[in-house]
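Just below is one structure, and these are the notes that go with it.
Values in this document were obtained by computation on a predicted structure and should not be read as measured data.
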Amino acid sequence: MRQSNRMILLILLAILLISGLVTANVFLVAVVKVHARSGTDLTDYVSASNVHRQVQQARRGYILDRNGTIIAQDNVTYNIIAVLDKDRQSRKGEIAYVDDPLATARVLAPILGMEESTIYGYLTKNAKQVELGNKGRNLPRETKEAIEALDLNGIEFVQTTKRSYPLGTFASYLIGFAQADDSGEVSGKMGIEQYMNAALSGEDGYKRYQADKNGNILPGMKMEEKSAVNGNDVILTLDQGIQEALESAFVQTQAEFNPDKVWGSVMEVETGKILAWGQSPSFDPNTMNIDDYVNYVSQMPYEPGSTMKVFTYAAAIDSGAYDGSALVDSSKFCYAASNRKPYRVSQGDSRKIGCIGNASGKSWGMIPYDLGLVYSSNVVTASIITSLIEPEVYEDYLDRFGFFKLVDTDGIAETTGVKNFTWPADKLALTYGQGSTVTMLQMIQAYSAIFNDGTMVKPYVIDQVRSSYDDQNVLYQGQTQVVGNPISYETSQQVQQLMYDTANREDGTARFYQIPETTIIAKTGTTQLAAVGGGGYSTGKTIVSLMAAMPAEDPKVLVYYAFQAEYDKNAHVKSDAIKSVLRKVAMTYNFAGQLEAAEPKEPSAEIVPIHESTMPSLINHSLEYAQNKMAESECEVIVLGGGDEIIDQFPQEGDLVVTRQKVFLLTDTYQISMPDMTGWTRKEVSGFWKASGLPVKIDGYGKVTSQNIPPGTLVNKQTAIEVVLQE
């Protein structure tokens with residue numbers, strides 16, 4: 001019994017001792033703030049100010065064209081932070097704030113391209129820490145490393161991300177732009193960048209931990225960590241070559257007609273894939289020189305003019321009321337009305353409300369209805385809805401074709417236009433595309449039915465959304481969407497024949513747009529602009545437009561092009577700019593292939609066979625090794641820098657390269673000699689940009705004709721390189 005009592009007493013004493021130790025440890029931690037086992041001062045750990053959080057930035061997804069060319073990407077940059085708080089804790093007694101503002105300003109000024117006095121003003125502010133203005137933000141890695149090498153007290157960096165657009169103005173009103181807010185978060189502000197923001201945005205990761213005043217982490221303390229998740233890549237239906245041809249045509253039109261605005265689009269008629277989409281004036285999202293936020297293709301309603309006549313003919317043909325060989329009077333059309341329905345009367349009739357004439361007052365006398373489209377007669381289309389079909393029938397067909405309502409293409413911001421179809425004059429005017437407004441997006445959707453055997457497809461531009469970690473992981477796949485069958489196959493074939501005659505007869509109004517690569521079908525338009533303040537139409541400016549498709553025997557691709565400028569009676573004769581787009585499309589799709597097969601040409605002795613090969617990995621190899629390796633590919637190797645080892649390359653490992661293609665090998669980021677870019681393409685200039693990291697402002701399209709930095713000049717990140725391209 002005594003032994004048992006003694007055992008119980010010992011157990012109680014042990015429990016009391018352990019409790020005392022625990023209580024003492026709690027007292028030391030909670031009150032004295034000392035870690036009992038190690039003797040470490042925990043003051044810094046229990047203070048919320050010593051809980052550190054490091055953000056791991058996610059990469060925003062790429063935007064690419066259908067061939068994988070990068071249109072938008074993230075560039076890692078850095079912002080300078082100057083710590084001014086003299087009470088800031090430091091590691092191992094080192095100074096952790098700017099202790100000599102004058103000396104610091106003096107050495108930073110030439111690197112940042114700032115005045116010493118400006119930097120000194122920042123560094124002497126009454127604040128705990130400051131940034132150094134715009135020139136202290138978005139610094140490239142090389143600049144950051146150059147400043148770090150100076151070992152300046154209190155100068156630190158925060159990693160940031162800047163969205164860049166290697167192709168400059170390329171489809172900028174469609175692509176839009178993304179910017180960082182004050183917190184550093186990048187989000188889309190316009191275009192695809194904005195309405196695909198959820199897909200493109202990643203999720204930042206973080207590391208959260210406690211550290212003492214010297215930045216040390218006590219073993220056993222809890223640490224939280226979450227990895228960053230990059231955004232998804234968005235692949236568009238755009239084709240770089242066709243888009244650049246369209247924008248090059250804009251430049252040519254600007255030079256020839258001095259227009260207020262130019263806009264255009266290219267689309268596959270069977271799939272609805274948008275191959276090109278643009279306008280001028282445009283803007284460069286790298287520099288944000290933007291004055292107008294209106295996307296002309298989808299947000300600018302306008303009176304389409306004579307390209308609308310095709311739908312007047314389609315309505316008459318499809319309703320069974322059309323006889324193309326029947327004769328119609330093409331002289332001035334005067335009209336009266338009954339219950340707001342117009343009908344034709346003689347010029348001297350007392351019931352006459354008004355009269356309609358053809359462009360330039362032309363009259364061909366009695367002509368077949370078919371020639372009314374070939375000659376683009378306003379009188380004949382007015383006759384169609386007064387003699388062949390009722391105005392309500394025409395209105396119904398316009399609804400079937402999707403006019404005056406949203407197309408709803410991939411979330412693109414758009415407007416519907418306005419239908420004026422109440423009064424007799426409105427109904428007649430709409431047969432030749434005046435009085436009511438549509439958008440280009442509506443036009444290309446409606447014309448898909450004309451060119452696609454009566455089947456109307458919705459235009460779309462988002463081809464895929466893919467995981468940035470796995471190209472095979474497709475999260476969204478764009479698909480052809482049939483949105484109606486407004487006309488029959490037979491009607492579409494008959495209308496196509498009329499458009500063939502319009503483009504290929506010697507007296508057809510679209511004959512000036514013929515190209516050697518293939519045969520086209522087309523309809524022109526010349527639209528008067530409504531006078532400012534109402535009251536009729538202005539005689540000063542017009543909208544010149546063309547709708548064309550190719551090849552004529554089986555249309556696959558349509559091209560729509562329009563510009564607003566001072567009236568020029570020869571606007572459709574001066575067709576080279578628009579023809580350059582038609583030719584680019586024909587060559588891209590090899591529409592001339594059958595013609596070439598039928599009439600083979602003898603090969604020239606100067607033609608060099610084209611060989612394809614895969615780009616090897618050259619990074620970390622010697623320059624000599626790289627040059628020997630590339631000799632097998634017969635590419636043109638351009639060495640950037642004076643080093644002996646490759647630190648970057650373009651194209652990347654695994655990319656396809658062909659004979660005579662320019663390959664850029666970077667050996668040194670500080671001693672890059674400016675190459676002679678004369679004759680380079682936009683793609684080759686972009687290759688120099690990607691390999692060297694040196695930003696280049698590209699103006700124009702075609703090939704380089706001039707550069708502001710002479711060849712052989714040493715250039716770096718602060719050099720403002722500009723090149724001018726011309727077709």
For this session: Give a yes or no answer on whether the side chain of Ser319 reaches the backbone of Ala315 with a donor-acceptor pair at less than 3.5 Å.
Result: yes

Exercise. Just checking, is any N or O donor in the side chain of Lys523 or Ser376 under 3.5 Å from an acceptor N or O on the other one?
Worked result: yes

Exercise. Do Asn485 and Thr455 meet the criterion of a side-chain donor-acceptor pair at a distance under 3.5 Å?
Worked result: yes

For this session: Using ring pair (Phe, Tyr, Trp, His ring centres under 6.0 Å) as the criterion, point out the one residue from Phe283, Trp263, Phe250 that pairs with Tyr173.
Result: Phe283

Exercise. Between Lys309 and Asn378, do the side chains contain an N or O donor and an N or O acceptor separated by less than 3.5 Å?
Worked result: yes

Exercise. Is there side-chain contact between Phe311 and Ile450, with at least one heavy-atom pair below 4.5 Å?
Worked result: yes

Exercise. Distance only, no hydrogens: is a donor on one side chain within 3.5 Å (strictly under) of an acceptor on the other, for Thr69 and Gln240?
Worked result: yes

Exercise. Do Asp318 and Tyr397 get their side chains close enough for a donor-acceptor pair, meaning under 3.5 Å?
Worked result: yes

For this session: Return yes if some donor-acceptor pair links the side-chain N/O of Glu244 with the main-chain N/O of Gly241 below 3.5 Å, else return no.
Result: no

For this session: Look only at the side chain of Arg340 and the backbone of Trp423, and say whether a donor-acceptor pair between them is shorter than 3.5 Å.
Result: no

Exercise. Is the NZ or CZ atom of Lys261 positioned over Tyr296's six-membered ring, under 6.0 angstrom from the centre and within 45° of the axis?
Worked result: yes

Seminar exercise, completed: Output for pair (Leu428 CG, Cys355 SG), nearest 0.5 Å, gives 11.0 Å

Exercise. Between Tyr165 and Phe170, does the ring centroid distance fall short of 6.0 Å?
Worked result: no

Exercise. Out of curiosity, Leu238 CG to Ile175 CD1, how far, rounded to the nearest 0.5 Å?
Worked result: 5.5 Å

Problem set entry | Polar side chain donor-acceptor pair, Gln497 to Gln493, under 3.5 angstrom | no

Exercise. When you check the side-chain N and O atoms of Ser488 and Thr491, is any donor under 3.5 Å from an acceptor?
Worked result: yes

For this session: Using modelled atom types only, decide if a donor and an acceptor are shared between the side chain of Asn452 and the backbone of Gly454 within a distance under 3.5 Å.
Result: no

For this session: Using the test side chain to side chain contact (heavy atoms under 4.5 Å, CB included), find all partners of Asp239 that sit at least two apart in sequence or belong to another chain.
Result: Arg66, Asn67, Ile242, Thr588

Problem set entry | Asp453 (side chain) donor-acceptor with Ser492 (main chain) under 3.5 angstrom | no

Exercise. Does any donor atom in the side chain of Thr431 or Thr381 lie under 3.5 Å from an acceptor atom in the other side chain?
Worked result: yes

Seminar exercise, completed: Closest heavy-atom pair, Ile356 versus Ala382, reported as atoms and distance to 0.1 Å, is CD1-CB, 4.2 Å

For this session: Describe, in one word, how the ring planes of Tyr560 and Tyr302 are oriented to each other, choosing from parallel (under 30°), tilted (30 to 60°) and perpendicular (over 60°).
Result: tilted

For this session: Indicate whether the side chain of Gln299 and that of Glu414 have a donor and an acceptor atom separated by less than 3.5 Å.
Result: no

Exercise. Looking only at heavy atoms, which two atoms of Gln442 and Gly402 are closest? And how far apart?
Worked result: CG-O, 4.2 Å

Exercise. Taking atom types as modelled and ignoring hydrogens, do the side chains of Asn358 and Ser377 form a donor-acceptor contact shorter than 3.5 angstrom?
Worked result: yes

Problem set entry | Gap between atom CD of Gln243 and atom OG1 of Thr169 - 0.5 Å precision | 8.5 Å

Exercise. With side chains defined as the heavy atoms from C-beta onward, is the minimum distance between Ile462 and Ile192 less than 4.5 Å?
Worked result: yes

Exercise. Would you find a donor on one side and an acceptor on the other, under 3.5 Å apart, between the side chain of Ser306 and the backbone of Thr526?
Worked result: no

Exercise. Can a donor-acceptor pair be found between the side chains of Asp260 and Gln564 at a distance below 3.5 Å?
Worked result: yes

Problem set entry | Asp554 CG to Phe451 CZ distance, which is reported to the nearest 0.5 Å | 12.5 Å

Exercise. Quick one: do Lys574 and Glu256 make a salt bridge, cutoff under 4.0 Å?
Worked result: no

For this session: Quick one: list whatever passes side chain to side chain donor-acceptor pair (under 3.5 Å) with Asn289, sequence neighbours left out.
Result: Thr287

For this session: Verify the distance criterion only: is there a donor paired with an acceptor across the side chains of Lys341 and Ser338 at less than 3.5 Å?
Result: no

Exercise. Is it true that Phe563 and Phe257 have ring centroids separated by less than 6.0 Å?
Worked result: yes

For this session: Using modelled atom types only, decide if a donor and an acceptor are shared between the side chain of Thr307 and the backbone of Pro304 within a distance under 3.5 Å.
Result: yes

Exercise. Heavy-atom distance under 4.5 Å between the side chains of Trp364 and Leu371, does that happen here?
Worked result: no

For this session: Measure the shortest side-chain to side-chain distance between Val685 and Val704 over non-hydrogen atoms and say whether it is less than 4.5 angstrom.
Result: yes

Problem set entry | Flag, side chain of Ser280 to backbone of Val262, donor-acceptor distance under 3.5 Å | no

Exercise. Leu327 versus Pro368: any side-chain heavy-atom pair under 4.5 Å?
Worked result: yes

Problem set entry | CG on Asp501 to CG on Leu373, rounded to 0.5 Å | 9.0 Å

Problem set entry | Carboxylate-amine/guanidinium proximity below 4.0 Å for Lys419 and Asp426 | no

For this session: Indicate whether the side chain of Thr509 and that of His572 have a donor and an acceptor atom separated by less than 3.5 Å.
Result: no

Exercise. Does any N or O in the side chain of Thr518 come within less than 3.5 Å of the main-chain N or O of Ala586, such that one atom is a donor and the other an acceptor?
Worked result: no

Exercise. Are Tyr369 and Tyr313 close enough that their ring centres sit under 6.0 Å apart?
Worked result: no

Problem set entry | Ser265 vs Ile444 side-chain heavy atoms within contact, under 4.5 Å | yes

For this session: Just say parallel, tilted or perpendicular for the rings of Phe591 and Tyr589, cut-offs at 30° and 60°.
Result: parallel

Exercise. If only atom types and distance count, is the side chain of Thr271 paired as donor or acceptor with the main-chain N or O of Lys273 below 3.5 Å?
Worked result: yes

For this session: Let me see the working for Thr524 and Ser545 under side chain to side chain contact (heavy atoms under 4.5 Å, CB included), right down to the final yes or no.
Result: CA-CA 6 Å; Thr524 59; Ser545 61; over 6 Å; no

For this session: Please check if any side-chain donor atom of Tyr375 sits under 3.5 Å from a side-chain acceptor atom of Asp370, or the reverse.
Result: no

Exercise. Would Ser282 and Ser172 count as having a side-chain donor-acceptor pair, cut-off 3.5 Å?
Worked result: yes

Exercise. CE of Met267 to OH of Tyr447: how many Å apart, nearest 0.5 Å?
Worked result: 12.5 Å

